[in-house]
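The figures here come from the full heavy-atom set of this structure, side chains too, leaving out hydrogens, waters and symmetry mates. Not measured: the values here are computed from a predicted model.
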Number of protein chains: 2
Amino acid sequence: MRMSGGVEWAVHCCVVLTDVDQPVPAATLAKLHDVSMTYLAKQMQALARAGLVRSVQGKAGGYVLTRDPDEITVLDVVVAIEGVEPQFVCTEIRQRGPLGTPPEDCRTACPVAKAMLAAESAWRGALKAITIGDLGREVNRGAGRDALATIRTWFGGEAA
Amino acid sequence: MRMSGGVEWAVHCCVVLTDVDQPVPAATLAKLHDVSMTYLAKQMQALARAGLVRSVQGKAGGYVLTRDPDEITVLDVVVAIEGVEPQFVCTEIRQRGPLGTPPEDCRTACPVAKAMLAAESAWRGALKAITIGDLGREVNRGAGRDALATIRTWFGGEAA
DNA sequence: GCCAGCGTACTCGGATAAGTCATGTCCGAGTGATTCAGG
DNA sequence: CCTGAATCACTCGGACATGACTTATCCGAGTACGCTGGC
């Protein structure tokens, strides 16, 4: 049950996209983080499909956030990359086998599934409570300076 | 990020082992749930390695819980099957690339990692709050009868 | 000096291989119950 | 009838194929910019 490593890249990319006013190409994002350019492109495509970022084609193209960073939760990014399928899927074991519970007695969810889904719900709730904007502010606070502005300036240098 | 399907089997097996007084072989557990006997054996091995169940060899052998069902949390079972590795591993992206944060500024954890780990912690907390004993009682309550006793009786018939 | 058209270079996007892990299976080692002979 | 050991059948345990998914990559489609030529 390991989370895709692409999620970490995607979240970081969203954070640095917080503070830009022009599209940033995937190649620049890859160079900034020193990761595989083509694979990161794949993650950005997923973000675009999910509607979190907007892709701009052409010479000065790239990616831009579609809405305010405070309106994008970490959960949104995770779901965009990992998909919407829940981590636990109940296969209704209780209905199988010689002593299987008859379907008419299965009005309520299987207790095992309930426990798993409750935990998953707690996980989602925690991810939903944090926005990309929060992360950006915390990055700046932790660095003791406006790190995002530095990156934005560097973006300008790369574009030129 | 899908959880192994074996976890569901393992939890159900632990629940039915709640109420037995003699070892139950993996073959019987597989027949009860109508699942692959050999693969379920693998899961039971993992539970034994984790110390949740005790294996008894020989003719009347099988598996028994090692401690009170109320002392075994669902998290214990999940960890036994899935392993202890966290679902999210921070690769310290912030330290890489031309604008990487210098290590001396990385005293505190990366905000992205902090968010992910907080969510994972919430997930673990929810799983830890539910015990195998809880699930057994809920199964009986949902069925409106002592379903576990029925299974125990059936175990006796299988052994004979 | 201004405008239209064209070429170009840069961007994303989906389709395509390789590696890794979960899934599913098999056979050998070990052990407790049974059985059977002897006292 | 009791005791003891040898046998036997049944159990677990780890080593071995298979398939799906994540990871990583490539090439083609599309578009905005910049240049050139004409007005």
Exercise for the section: Using a heavy-atom cut-off of under 4.0 Å over every strand shown, decide if B:A27 touches base, sugar-phosphate, or nothing. Expected result: nothing
Exercise for the section: Would you indicate whether the side-chain heavy atoms of A:D19 and A:I151 approach each other to under 4.5 Å? Expected result: no
Fill in the blank from the handout: B:L47 atom CG is separated from D:dC12 atom P, nearest whole Å, by 12 Å
Exercise for the section: Ignoring backbone atoms, test whether A:S55 places a side-chain nitrogen or oxygen under 4.0 Å from the OP1 or OP2 oxygen of C:dG13. Expected result: yes
Exercise for the section: Using atom types as modelled and distance alone, determine if a side-chain donor or acceptor of B:N140 lies under 3.5 Å from a backbone N or O of B:R137. Expected result: no
Exercise for the section: Quickly work out the A:F155 CZ to C:dT11 C1' distance and round it to whole Å. Expected result: 16 Å
Check the interface with nucleotides 21-27 of chain C: list each N/O to N/O pair with the protein under 3.5 Å, or write none.
residue: C:dT23; atom: OP1; partner: B:G5; partner atom: N; Å: 3.0
residue: C:dT23; atom: OP2; partner: B:S4; partner atom: OG; Å: 2.4
residue: C:dT23; atom: OP2; partner: B:Y39; partner atom: OH; Å: 3.0
residue: C:dT23; atom: O5'; partner: B:Y39; partner atom: OH; Å: 3.2
residue: C:dT25; atom: OP2; partner: B:S36; partner atom: OG; Å: 2.8

Problem - Point-to-point distance, once rounded to the nearest 0.5 Å, from CG of A:D70 to CD1 of A:I132 - result: 10.0 Å
Handout entry: Nearest-nucleotide pick for B:Q57, side chain only, options being D:dG14, D:dC12, C:dC12
Key = D:dC12
Fill in the blank from the handout: Between CD1 of A:I81 and P of D:dT22 the distance, given in whole Å, is 12 Å
Problem - Rounded distance (Å) that lies between atom C1' of C:dT11 and atom CG of A:L29 - result: 13 Å
Practice task
Give one of base, sugar-phosphate or nothing for A:R54, where a contact means two heavy atoms less than 4.0 Å apart.
Solution key: nothing
Handout entry: Gap separating the CG atom of B:L75 from the CD atom of B:E82, nearest 0.5 angstrom
Key = 11.0 Å
Problem - Heavy atoms from other residues, nucleotides or ligands near NZ of A:K31 exceed 12 (cutoff 6.0 Å) - result: no
Practice task
Could you name each residue pair satisfying ring-ring contact (aromatic ring centres under 6.0 Å, His included) that touches residues 51-87 of chain B, not counting sequence neighbours?
Solution key: none
Practice task
State whether B:R49 places a side-chain N or O below 4.0 Å from either non-bridging phosphate oxygen (OP1 or OP2) of D:dG14.
Solution key: yes
Problem - Student check: side-chain heavy atoms of B:Q87 and A:V7 closer than 4.5 Å - result: no
Problem - Partner of A:I72 under side chain to side chain contact (heavy atoms under 4.5 Å, CB included), chosen from A:L52, A:T131, A:V53, A:T18 - result: A:L52
Shorter than 3.5 Å, N or O on both sides, protein versus nucleotides 34-36 of chain C: list them out with atom names.
none

